[in-house]
Asker: 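If you scroll down you'll find the structure; I have some questions about it.
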Number of protein chains: 2
Amino acid sequence: MTDRLTQRQNEGYEFIRAFVRDEGKPPTLREIGDALDISSTNGVSKLLDVLERKGYVEREPHAARGLSLVEEEPDPFAVGAGPPELPVVSRTPSDHPDRLRRRPSSYLAVDPRLLHEASDPDACLVGRAGDDGMNGDGIRKGDFLIIEECRARDLSNGAPAAFLVGEELRARRFLFANGKMHLRPTNSHYTKETFPPDAPGCHPIGRVLGLFRSFSKS
Amino acid sequence: MTDRLTQRQNEGYEFIRAFVRDEGKPPTLREIGDALDISSTNGVSKLLDVLERKGYVEREPHAARGLSLVEEEPDPFAVGAGPPELPVVSRTPSDHPDRLRRRPSSYLAVDPRLLHEASDPDACLVGRAGDDGMNGDGIRKGDFLIIEECRARDLSNGAPAAFLVGEELRARRFLFANGKMHLRPTNSHYTKETFPPDAPGCHPIGRVLGLFRSFSKS
DNA sequence: CGGAAAGGTGAAAAAGTGTTCACCACTAGG
DNA sequence: CCTAGTGGTGAACACTTTTTCACCTTTCCG
């Protein structure tokens with residue numbers, strides 16, 4: 001898909017894209033011709049020959065609507081279509097928690113249904129669990145946690161939440177009592193930790209909505 | 001989209017969905033007929049009449065491929081780009097393991113990087129863990145398991161695998177020894193089970209590549 | 001100038017596709 | 001027993017769509 005298009009060719013190409021997006025099927029030669037004011041299907045056919053030669057479309061001979069768009073790069077700024085992609089944050093010192101979103105290491109596609117609990121899907125990100133402190137809840141070190149960012153006071157007591165402690169992302173059950181934050185693990189080998197609300201070493205990130213995990217082939 | 005479909009109607013509907021997703025355009029009557037072994041286009045046409053009356057598809061008279069799926073989820077079939085969607089299978093009696101792929105209950109978008117261990121991404125599907133037998137590996141009842149279908153002899157010993165036992169999908173570590181299949185749980189409250197290779201009540205589905213989980217708001 | 005490529009018109013042939021008609025078999029419900 | 005609905009076969013027919021052929025103009029470039 002390297003060759004440049006002329007203006008007319010681009011008009012045709014863009015029409016096809018829009019048609020496929022709106023109608024769910026490729027246009028016929030006549031439909032293209034009507035849109036571009038080309039009265040002869042042969043004129044349209046020649047236009048498509050050029051688009052095919054330049055690698056923008058593929059044609060299936062003799063098939064009605066036998067036209068398909070050649071895969072392009074997924075547009076990183078595409079609005080609308082496709083499942084949302086969440087930024088994956090890498091380890092960040094907890095004295096710079098604001099860096100969390102600024103330097104995502106990559107983006108991961110997530111089915112929207114996994115975000116159905118989220119109040120604001122745009123506030124969601126992905127981070128990796130740094131330890132096994134939530135083993136009792138089936139969360140293991142290295143798991144990808146789907147986190148909806150929120151303030152500590154919006155976390156409900158006892159719900160799984162994510163915190164930045166040092167450079168480590170920790171999932172813990174969150175409890176607020178006596179003016180302090182309590183991070184309760186569900187693994188008997190870990191101990192409960194308590195921090196004052198604005199402790200420099202511990203930043204609440206948000207609630208854990210879900211997770212995913214990839215088993216490596218052993 | 002309330003009326004139930006018969007098995008045959010569902011086969012047709014699922015074929016159309018898969019075709020649109022894979023080909024980027026709706027199938028013709030003959031293409032549907034070839035797939036479902038219906039030799040007469042009229043037979044296919046009548047099938048579509050029913051699907052249309054029940055609200056699953058819409059037809060555009062006289063148009064080639066004048067068929068479209070009635071929108072359910074927001075644009076599940078974005079053309080071209082986007083992560084692969086895996087069929088989510090629902091509970092199926094183990095005397096009909098072949099139904100697994102035929103009646104997916106939905107499709108779930110999965111980031112391709114979660115499939116990087118798969119030999120064949122097209123052989124992957126999603127099923128829900130039916131019990132807590134793999135608690136020790138952090139797999140919990142209700143988790144969505146990403147499974148690559150394969151034959152039992154292609155499973156490596158000790159690897160997490162999925163089995164259909166009765167109507168329940170079970171994740172277990174798989175061992176083949178002394179001519180028998182051994183399903184080893186990693187939860188001390190569950191017991192190891194042993195089946196002969198062709199036991200009617202236990203069908204190996206494939207290896208577990210990963211999982212995801214959605215925490216419900218408490 | 002000459003040639004190549006883009007960008008057409010117009011018509012007819014060939015191929016693909018949807019529609020209709022007549023007919024059949026099975027099942028479930030009244 | 002009758003009827004409606006499902007699920008077909010097979011063939012003829014009409015419509016839609018792609019392909020092909022002959023011929024044209026304009027622009028750009030060596």
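Only this structure's heavy atoms are used, side chains among them; waters, hydrogens and symmetry mates stay out. In this text, all values refer to a predicted model and were calculated from it rather than measured experimentally. In what follows, every chain begins at residue 1, and chains take the letters A, B, ... in the order their sequences are listed.
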Asker: Output the residues of residues 27-44 of chain A in contact with DNA chain D, where contact means a heavy atom of the residue under 4.0 Å from an atom of the strand; sort by number or write none.
Answerer: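 The answer is A/T28, A/L29, A/R30, A/T41, A/N42.
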Asker: Going by side chain to side chain donor-acceptor pair (under 3.5 Å), name the residues that satisfy it together with A/N135, two or more places apart in sequence or in a different chain.
Answerer: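 Not a single residue meets the side chain to side chain donor-acceptor pair (under 3.5 Å) criterion with A/N135.
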Asker: With distance as the sole test, does A/D143 use its side chain to make a donor-acceptor pair with the main-chain N or O of A/L211 at under 3.5 Å?
Answerer: no
Asker: Considering residues at least two apart in sequence or located in another chain, which fulfil the side chain to side chain contact (heavy atoms under 4.5 Å, CB included) criterion with B/R30?
Answerer: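 In terms of side chain to side chain contact (heavy atoms under 4.5 Å, CB included), with neighbours along the sequence ignored, B/R30 is linked to B/T28, B/T41.
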Asker: Given atom NE2 of B/H62 and atom C1' of D/dA14, what is their separation to the nearest angstrom?
Answerer: 9 Å
Asker: For A/A161, check side chain to side chain contact (heavy atoms under 4.5 Å, CB included) against everything at least two apart and list the hits.
Answerer: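 Checked A/A161 against side chain to side chain contact (heavy atoms under 4.5 Å, CB included); matches are A/L155, A/F163, A/F174.
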Asker: What protein N or O atoms touch nucleotides 28-30 of chain D N or O atoms at under 3.5 angstrom, if any, and at what distances?
Answerer:
none

Asker: Under the side chain to side chain donor-acceptor pair (under 3.5 Å) rule, collect the residues that match up with A/S39, sequence neighbours excluded.
Answerer: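 Listed in chain order: nothing, the list is empty.
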Asker: Nearest to the side chain of A/Q9, which nucleotide is it out of C/dT19, D/dT17, C/dG7?
Answerer: C/dG7
Asker: Check side chain to side chain contact (heavy atoms under 4.5 Å, CB included) between A/R184 and all other residues, then give those that pass, not counting sequence neighbours.
Answerer: A/R173, A/L175, A/K192
Asker: Could you tell me how far apart B/D49 (CG) and C/dT19 (P) are, to the nearest whole angstrom?
Answerer: 8 Å
Asker: Tell me the interatomic distance from A/R8, atom CZ, to D/dT27, atom C1', rounded to whole angstroms.
Answerer: 16 Å
Asker: Among all residues two or more places apart in sequence or in another chain, which pass the side chain to side chain donor-acceptor pair (under 3.5 Å) test with B/D34?
Answerer: none
Asker: So if I take every side-chain heavy atom of B/T6 and compare against C/dG8, D/dT6, C/dT19, which nucleotide ends up nearest?
Answerer: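 Nearest listed nucleotide: D/dT6.
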Asker: Taking side chain to side chain donor-acceptor pair (under 3.5 Å) as the definition, give me every residue that meets it alongside B/R170, ordered by chain and number, with sequence neighbours left out.
Answerer: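 With neighbours one apart ignored, the set is B/E168, B/E193.
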Asker: Report for the helix from C/dC1-D/dG30 to C/dG30-D/dC1: angle between first-end and last-end helix axes, five pairs each, rounded to 10 degrees.
Answerer: 30°
Asker: Without swapping roles, check the side chain of B/R8 against the backbone of B/L36 for a donor-acceptor pair under 3.5 Å.
Answerer: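 Answer holds: yes.
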Asker: What pairs with B/V44 under side chain to side chain contact (heavy atoms under 4.5 Å, CB included), at least two apart in sequence or on another chain?
Answerer: B/L29, B/I32, B/I38, B/L48
Asker: Between C1' on D/dT26 and CD on A/Q7, what's the gap in Å once rounded to a whole number?
Answerer: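 It is 16 Å, rounded to the nearest whole Å.
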Asker: Respond yes when some side-chain nitrogen or oxygen of B/R53 is under 4.0 Å from OP1 or OP2 of D/dT6, and no when none is.
Answerer: yes
Asker: Between C/dT17 and B/R65, is there an OP1 or OP2 to side-chain N/O distance shorter than 4.0 Å?
Answerer: yes
Asker: Rounded off to whole Å, could you give me the CD-to-P distance for the A/E60 and D/dT17 pair?
Answerer: 15 Å
Asker: Keeping to residues at least two apart or across chains, list the side chain to side chain donor-acceptor pair (under 3.5 Å) pairs with something in residues 60-69 of chain B.
Answerer: A/K25-B/E60, B/E31-B/R65
Asker: Which whole-number value in Å describes the distance from A/L48 CG to D/dT17 C1'?
Answerer: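 Taking atom C1' of D/dT17 as the reference, CG of A/L48 is at 13 Å.
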Asker: To the nearest angstrom, how far is A/K46 atom NZ from D/dC24 atom C1'?
Answerer: 10 Å
